[in-house]
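Here is how names work: the chains are called A, B, and so on, in the same order as the sequence lines, proteins then strands, and each is numbered from 1.
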Amino acid sequence: MSLPQPVRGTHDLLPEDFRRHAHVIETARTIAARFGYDETSTPIFEFTEVFARTMGETSDVVSKEMYSFESRNGESITLRPEYTAGICRSFISNGLQQNVPVKVFANGPMFRYERPQKGRQRQFHQIDLECIGAAEAKADIEVISVAAMILKSLGVMEHCRLQINTLGDSESRTSYRTALVEYFSDHKDNLSQDSLNRLDRNPLRILDSKDKGDQALVAEAPLFSEYLNSYSAEFFDEVLKGLDLLGIEYDLNRRLVRGLDYYTHTAFEFVTTALGAQGALIAGGRYDGLIEALGGKPTPGIGWAGGIERLAMLASNLPDGKRPIAIVPVGDVAESEASKLAYELRQAGFSIEMAFKGNVGKRMKRANKVNSRAAILIGEDELERNCCTFRDLDEGTQTEIPLKSVKQALDALG
RNA sequence: GCGAAUGUAGCUCAGUUGGUUAGAGCGCCUGACUGUGACUCAGGAGGUCGCCGGUUCGAUCCCGGUCAUUCGCCCCA
């Protein structure tokens, strides 16, 4: 077939998919608002610098997955691969340090040039929550608890587990990193090719390797807990206690890491095994060094992002859509009267389905197809008496009622 | 970026060990029922068998390439 196809890794959101997406967004938005997070939005593209500086030149996303292009005036522009960098840039651009803590929720499309798979696309959508300007562990607890409540409300909590770890402050991190590089450098011969690459770029990632040989080495590797200074250890302890207090279950995962130096302390992921290799549903952490890296004053921050496609695939409790009421004119004479009634009822807030053409049979079929709750039939007979035939499509019963009382009849359906 | 599998109607899939008009279910359209849906019955439309090339008298089927999807790796939401 040579029909036009969408660009690889992009998908159309047909109404049914769209409803699922909207449900995820609406649920997240509502719950975020309960915690005091206001909705915000930033541009879909930024200067390439914004992402290169925040995500790190050596990260996979920056080095090979960005949709970058030269704008007409020669500037390098990049379609956003994530939300955090743009929101932090916005924080600086708008002088929001005066409003600290800035608590925002956002959603929208992201772009990464990756190999598409189930739950992984080149244009995908994320919900995002950021709390900027709070260094307290209470902020970590809050941010995680918002995510937990959203997952619970979507009915996907039962399909996932919260994994959590600490990366410590930069002092703890640096000393651990040094120790790790030293340890693995002594065992280079036994490391997989992937991990040899990681040794330069991102040694902490080796802890997460799936290679059997690597895992044997990892088992003997120095433990992060031995390199955590007391502040970092106490901070993490407070976060865990806060989660315990709220009854949020978690697994301590000492291998959960983030590659870049801006990430500090808490790192967490709500992971599932239901989507193949794409396990992360909502993932985030603390990024106390990020705003500074963008050129702002040192400002702590913590947040997370969640994949809407992934969440939508697992969401189980979709609300039923509103069912329309069908208006069916019988014969040409009633056509204009029916149109007027449809307009009035829509004005009054009802969802009305009225076909553009067709005899009664066709229009009734159409009414049924769009899952109408009831049908209102108007013909010459009814008009003479200022009435209409009101048919309950679930019960299969119908009565004649005055046109005046149509609204009451519809209200009575609930 | 690497490895593997798959690709037949709008959807889910049969099928052809290479041979005239390629099938089913669902969906769609029409009618039985010109003032009544969901049920039933009868008809109908819709496919250059992903695309390009090769082998062959002949390819949807075999071979190569390509594109897309899926799975694993990498990475991540």
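At a threshold of 4.0 Å, the pair A/E309-A/R122 does not count as salt-bridged, since none of the basic side-chain nitrogens sits closer than that to a carboxylate oxygen.
Taking the side chain of A/P116 as heavy atoms from C-beta on, and the options B/rA77, B/rA38, B/rU69, the nearest nucleotide is B/rU69.
Residue contacts shown for A/G331 are absent, as no nucleic acid heavy atom lies under 4.0 Å away. The residue A/I282 sits close only to the backbone: its heavy atoms come under 4.0 Å of sugar-phosphate atoms, none of a base. A/A367 comes within contact range of no nucleotide atom at all, as no heavy-atom separation falls under 4.0 Å. Using a 4.0 Å heavy-atom cutoff across all strands shown, A/D128 reaches no nucleic acid atom at all. If you check every strand for non-hydrogen atoms under 4.0 Å, A/L281 touches sugar and phosphate atoms only. If you check every strand for non-hydrogen atoms under 4.0 Å, A/E309 touches nothing. Residue A/E382 is classed as a base contact, given a heavy-atom separation below 4.0 Å to a base.
With 3.5 Å as the limit, one finds a donor-acceptor pair spanning the side chains of A/E130 and A/Y287.
The aromatic ring centres of A/Y227 and A/Y176 sit less than 6.0 Å apart.
Of the two residues contacting RNA chain B, namely A/T389 and A/A305, the nearest-nucleotide position lying further toward the 5' end is that of A/T389. Mapping A/R115 and A/G306 onto RNA chain B via the closest heavy atom, the residue that lands nearer the 5' end is A/R115.
Across the P atoms, B/rG47 and B/rA24 are found 15 Å apart, a figure rounded to whole Å.
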